[in-house]
K.L.:
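First the structure, then my questions, so here it is.
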Amino acid sequence: MILPAQAKEKAARTYAQEDLDQVFHEFDSGQSGLSSKQAISRLKHFGANTIQKTQQEAQWKIFLKNFTSLMAILLWVSGVIAIVSGTLELGIAIWCVNIINGCFSYYQQHEAQKATDSMLAMLPTYTEVYRDNKLQQLDSKNLVPGDVFMLTAGDAIPVDARILQATSLQVDESALTGESVPESKEEKYAPGEGQFAETNMVYAGTSVVNGTCSCLTIATGMNTEFGKIAQLTHAQKKVASPLQIELNRLTRQLSIIAFGIGAAFFLASILFVHYAPAKAFIFALGMIVAFIPEGLLPTVTLSLAQGVKRMAKKHALVKELNSIETLGEATVICSDKTGTLTQNQMTVNHIWTKANTYTVSGQGYAVNGKVQLNDQDVAYKDYPDLKQALLISTLDNEAKIQADPKNPGQQKIVGTPTERALMVTALKAGFDIEAALKAQPRLQECPFDSQRKRMTTIHPATNGQKLVLVKGALDGMLPLCDQIQTDGKQQEITDADVKQIQGANEHFAAQGWRSLALAYKVADDPQAKVSTSAAESHLIFVGLEVMSDPPRAEVYQAVQKCHDARIRIIMVTGDSALTAKSIAVKIGITGDNARVVTGDELHKMTDDELKIALSGPVIFARVAPEQKYRIVSNLQARGEVVASTGDGVNDAPALKKADIGIAMGKMGTDVAKDAADMILTDDNFASIVAAIEEGRAVYSNIQKFLLYILNSNMPEAVPSALFLFTRGAIPLPLTVMQILTVDLGTDMLPALGLGSERAEPDVMKQPPRPRKAHLLRKNIVWKAFGWYGLMASTISSFAYFYTNFQLGRTWTTLATSGPIYREATTMTLAAIVFSQIAAVLNCRTQQLSVFSIGIFSNKHVWFGIAFEIVLLAVLIYTPFLQGVFNTTGIGLREWLFLICIPIPLFLIEEYRKYLSRKLFAHRNKLYTQSAVQH
Ligand code: ADP
Ligand code: MG
């Protein structure tokens, strides 16, 4: 086998000027591409067609980073100071904590990275490649030099390639050249201006904006021009997301508080209890370590990553971890109609012509309501208008009838749902599509685009004339028609005809059906290539082909959820005003009072007028995708957080502009997917709502986590405060080592468990969180310090004094050392740990009863609880550790006491939640009443 050996050394563009046969020869390929055998051996030789954009940082460097952060360095130094000042155990303990914390952070980072990597792996791009003489959909990674493939508008160009054949091809090369105006390309060579401007070459990393082409692969992967550039450029610095900024802010705030408290304790211990500075420093250190939320950043990342995984199960792939957080803030969803809200299962139900209305059903065709024509072979032959309609709808059609590889002998139709439906309808009437295509093959096409909203093809007719076939949106096509065909005869189109056509169209649209107008002409046209505007003029109107596309079953509930969550839905569609409204009302997106703004009206509106329209219920119909950008940016100017869907090339600007751009995974183009933040693998509106729900859940989990780790600071600080402010009259009830035990030991896993809490059933019953809201809300601080913290402090202090009293001590003779002191501090520590068990359960919901979400429904939390009890037992029963942590074994009675602690704490909080729910229900009722009035 010959391999195109030179392909590696020779720059791709040198193939632009070579004779095509010579290029084919060099690549041992031809018009019909490679065999799969050739492809396999080339894939081995050249490697997969992938681009490693940046050199990945070595794992060990990432690992080490966790030990060189400011926090970590502080702990290293503290350890040294502790050792130097004579407390060897403390020094070693702080170092151990630092090592454990570092490993833990690394593990979390690693898990999060794995989650995002697997997400990206779920987003392959496909290319239509000729292999073994057959056109096949392949993962673009498998392309090799010599492969022949096809591209259409919206495709990302996967490799450097020479164009074999092109139709109205325009390519966006801005990724390579920075030039944002699309370049026209064709099969003929011209040098063009600047790099990458050869007219017959396309380059990896760019995309097709318009038209179609077939190409021969010259270079793949890192051998492409784009790959070479990617090799050179350095890793781009990532900009911090709002969540990161907020978290950094939070860490800073909490650190300042921690150091403030540390300083206060340092001074107080010198002044009040006359500690030596070294001892005072250690003492203060305990407080600082207790208050700094060490695990916060990696834990947030991990819970975002878990959110990403859960979303993927619900068909929403998020490209960036941080977009999850924005999802939870969304106040408006701008949604496409076809395929997103509806099933994209097009079924033609009527063909309307001036003379007759044909009803299409499973049984066959009926003319004017009378069932007829079961003899399918002749169904259309006596009806020239029907015949003409079927001709237009099948020849002016991109769908293809192919052999079905899965069912040998069978055929299948590939193409968009709309065009497939047209094909199926013609076949039902016994129309021989292949024969028609053979008789009049396509000479030229003006592809469908969502701006013109129609598609035109040109075929040979008798006497050297040309047959022009047009199908598309009625409103755009009526002005192009001079004549109308009735019973095979052409007449001038009259105002009455126009009225009749529009009347019929409205009748169908009111059912929520979509219709395509069909028209044609036979023209002398000596020119080889007819311009689009020349082709699409002086047409003969034939009829309307009407199809239904029912709403998706899940959409009704999803829409209701959005209403409950006070998220507005704005339908933005290319379809007609009436069809759009009928569907919107049917699904419950708007009432009958909604304003419908068409693309033309939007074009004439000022931004102020648009903003007024956007303040009420509104539907946008017959808009071009470019107009979505204006809608999105005006919504944003009104202070909304906008999620917007899109699938085409022209949707990209709006997808980028939106706070959350959502591309369709199935019907969407590569360009749209590239511009989006999130991709729906099932194109389903309901998945957007599910993702928003997850987004809200993740954010509230971060808050739950915060609440939990903050609340243990209170019982950690109170004992030291008691000690200090009684000038040592109360011996220290909780040693520094014990504080560290809680903060960096027992609290770790339960806190993490909160990160995987599922969405509370009422997250979608609340309004979106305001954009400016801070993570650390006042009520969290209050709840942490003033409520959960206070309860835990009371109980742990009680445990401390009670143990003393049980063992024969009084207020004035509290033990300062020895076994009684040990037992007392052990009980303080254990009481905090058991209070935290109640706390972690309490943190699982904000307002709902924990019973309503299932008390055992989060296994991670229970695993964390088991872990902390075992850790506590290890610390108080291992002789070696007893010395280090100032602990001692405790008896059965003590254990019974400890086990009882969580019960009242849990029940009291349940009662508080119950009261708060009652209050909330009342407020909510008031809101709903006022909302209805507006
Ligand atoms: P939507 O917003 O519902 O997805 P589209 O952008 O798919 O709308 O289509 C807008 C309009 O363009 C349709 O209402 C129809 O009139 C016309 N149209 C859609 N598909 C085709 C096609 N393949 N050929 C011709 N016209 C089409
Ligand atoms: Mg569309």
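The first residue of the sequence shown is numbered 1, and numbering continues consecutively from there. Atoms within a ligand are numbered from 1 in the order they appear, just like the ligands themselves.
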K.L.:
Check D575 with R514, please: is the shortest side-chain N to carboxylate O separation under 4.0 Å?
P.N.:
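Between D575 and R514 there is a salt bridge, with a charged N closer than 4.0 Å to a carboxylate O.
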
K.L.:
Do we see a donor-acceptor contact under 3.5 Å between the side chains of T598 and D600?
P.N.:
no

K.L.:
Could you establish whether R622 and ligand 1 come within less than 4.0 Å of each other, counting only heavy atoms on the residue side?
P.N.:
yes

K.L.:
Hey, which atoms in ligand 1 end up nearer than 4.0 Å to a heavy atom of T573?
P.N.:
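Ligand 1 atoms under the 4.0 Å threshold to T573: 1 (P), 2 (O), 3 (O).
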
K.L.:
Is it the case that ligand 1 has an N or O less than 3.5 angstrom from some N or O of S576?
P.N.:
no

K.L.:
Would one find an N or O of G574, backbone or side chain, under 3.5 Å from an N or O of ligand 1?
P.N.:
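The answer is yes, given that G574 and ligand 1 share an N or O pair closer than 3.5 Å.
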
K.L.:
Would you mind listing which atoms of ligand 1 come within a distance below 4.0 Å of any non-hydrogen atom of G472?
P.N.:
16 (O), 25 (C), 26 (N)

K.L.:
N349 vs F508, test: side-chain contact (heavy atoms from CB on, under 4.5 Å). Steps then yes/no.
P.N.:
CA-CA 10 Å; N349 49 25; F508 294 125; 5.6 Å; no

K.L.:
Would you say the ring centroid of Y383 lies under 6.0 angstrom from that of Y365?
P.N.:
no

K.L.:
For ligand 1, which atoms have a heavy atom of A473 less than 4.0 angstrom away?
P.N.:
16 (O)

K.L.:
Indicate yes or no: does an N/O atom of S450 lie under 3.5 Å from an N/O atom of ligand 1?
P.N.:
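There is no such contact.
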
K.L.:
Mark the output for D575 as yes if a heavy-atom distance to ligand 1 is under 4.0 Å, and as no if none is.
P.N.:
yes

K.L.:
Heavy-atom distance to atom 7 (O) of ligand 1: which of R514, K453, K471, M346 wins?
P.N.:
R514

K.L.:
Looking at ligand 1, does any of its N/O atoms fall within less than 3.5 Å of an N/O of T338?
P.N.:
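Between T338 and ligand 1 (N or O atoms, distance only) the closest approach is under 3.5 Å.
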
K.L.:
Is the closest basic N to carboxylate O distance between E640 and R568 below 4.0 Å?
P.N.:
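Yes, charged N to carboxylate O under 4.0 Å.
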
K.L.:
Salt bridge check, D607 against R630: does any charged N sit closer than 4.0 Å to a carboxylate O?
P.N.:
yes

K.L.:
List the steps and the verdict of side chain to side chain donor-acceptor pair (under 3.5 Å) for N356 and T353.
P.N.:
CA-CA 5 Å; N356 296 308; T353 62; 5.0 Å; no

K.L.:
So, D385 and K354, do they make that salt bridge, N to O below 4.0 Å?
P.N.:
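Not counted as a salt bridge, because no side-chain N and carboxylate O are separated by less than 4.0 Å.
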
K.L.:
Examine ligand 1 and decide if any of its atoms is less than 4.0 Å from a heavy atom belonging to L516.
P.N.:
yes

